[in-house]
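See below for the structure under consideration.
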Amino acid sequence: AEYADAAGMYAEARRYQEEALSIYRELQDKRGTAAALHELCRATVMATEDPPTWEAARSLLEEALSIYRELGDEAHGLALTLMYTGITDQILGNAAAARTSFEESLELFRELKEEMYVGASMWFLARAQIDEGDHAAARAHLKEVLETLPPSRYRWFFPRVLEGISHLAAAEGEAAQALRMAGAAAAARAAIGAGEPPPFRAYVERRLERARRALGEKADAKAFEEGRALAPEEAISEARQAVDIVGSLLSAREVEVLQ
């Protein structure tokens with residue numbers, strides 16, 4: 001199941017997780033059951049673009065959360081399930097619910113000192129904050145993600161960081177910057193041979209629609225190609241600069257809140 005998931009074979013991973021869940025239930029293994037539940041939900045959501053299927057899969061996460069909270073000694077499993085719950089809610093368009101789950105998962109991962117998951121939870125939280133219009137909090141978290149998961153060590157995650165910055169730029173009306181960062185993200189993803197699950201691709205594209213319309217077809221393509229042509233070190237530099245530039249435009253109240 002893990003191999004199929006890592007290879008992007010989500011339908012196959014889903015079948016393996018269904019079998020694993022059945023075995024764990026038969027063994028009355030609560031820890032195994034909870035883990036199989038959240039992994040089954042993840043594989044199910046990633047394999048389709050069908051909202052009713054996502055809604056049905058979410059109930060698996062509720063059961064997993066209930067088991068982890070009952071056990072009381074599975075902080076990692078609880079944090080991971082909360083993150084998957086947030087992802088599912090985010091894909092379904094429930095930004096407020098997603099933000100709550102991401103905030104709790106981030107707190108737990110910080111306590112566990114799990115750097116990779118701290119950065120991932122923070123990135124997902126930033127997306128939820130952008131969707132809610134809380135740009136100040138989102139930019140602060142995106143900047144921290146770059147520091148927590150430096151591209152030199154977490155090359156596989158850097159495309160997502162670029163997409164987060166693109167998402168923020170689009171939300172703030174910086175259409176050219178949004179498409180430029182989207183192009184850089186596409187290049188970074190291609191360089192490591194990484195794909196994206198259908199729901200993630202659709203999420204990113206929906207948030208670029210307004211920027212594409214604002215620029216027009218030719219300018220849209222030009223900005224995207226300029227971003228895609230950036231060397232890795234240039235993309236890293238522009239990503240950091242973009243967050244700093246946006247951060248320099250904070251109001252006095254926003255600066256006070258962040259401090």
Centre of Phe200's six-membered ring, under 6.0 Å away, within 45 degrees of the axis: is that where NZ or CZ of Arg127 sits?
yes

Residues Glu115, Arg153: salt bridge by 4.0 Å N-O rule:
yes

Salt-bridge test for Asp73 and Arg31: reply yes if a basic N is under 4.0 Å from a carboxylate O, no otherwise.
yes

Set out, in order, the CA-CA distance, both residues' side-chain angles and the distance that settles side chain to side chain donor-acceptor pair (under 3.5 Å) for Thr53 and Thr48, then state yes or no.
CA-CA 8 Å; Thr53 301; Thr48 180; 4.7 Å; no

Is a salt bridge present between Arg189 and Glu163, judged by a nitrogen-to-oxygen distance below 4.0 Å?
yes

Do His135 and Gln129 meet the criterion of a side-chain donor-acceptor pair at a distance under 3.5 Å?
no

Lys/Arg N to Asp/Glu carboxylate O, Arg14 vs Glu18, below 4.0 Å:
yes

Between the side chains of Arg201 and Glu196, is the shortest nitrogen-to-carboxylate-oxygen separation below 4.0 Å, so that they form an ion pair?
no

Determine, for Glu209 against Arg206, whether the closest basic-nitrogen to carboxylate-oxygen distance falls under 4.0 angstrom.
no

May I ask you to decide whether Arg69 forms a salt bridge with Glu104, counting only side-chain N to carboxylate O separations under 4.0 Å?
yes

So that I can tick it off, tell me whether Asp134 and Arg99 are bridged by a salt bridge, with the cut-off set at under 4.0 angstrom between side-chain N and carboxylate O.
yes

Could you grab the distance from atom CH2 of Trp123 to atom CG of Leu149, nearest 0.5 Å is fine?
11.5 Å

Regarding Glu217 and Arg212, does a basic nitrogen lie under 4.0 Å from an acidic carboxylate oxygen?
no

Does Arg15 come within less than 4.0 Å of Glu19, counting only side-chain N to carboxylate O?
no

Without swapping roles, check the side chain of Glu111 against the backbone of Leu108 for a donor-acceptor pair under 3.5 Å.
no

With distance as the sole criterion, is a donor-acceptor pair present between the side chains of Tyr16 and Glu39 under 3.5 Å?
no

If you round to the nearest 0.5 Å, how far is CD of Gln90 from OH of Tyr203?
4.0 Å

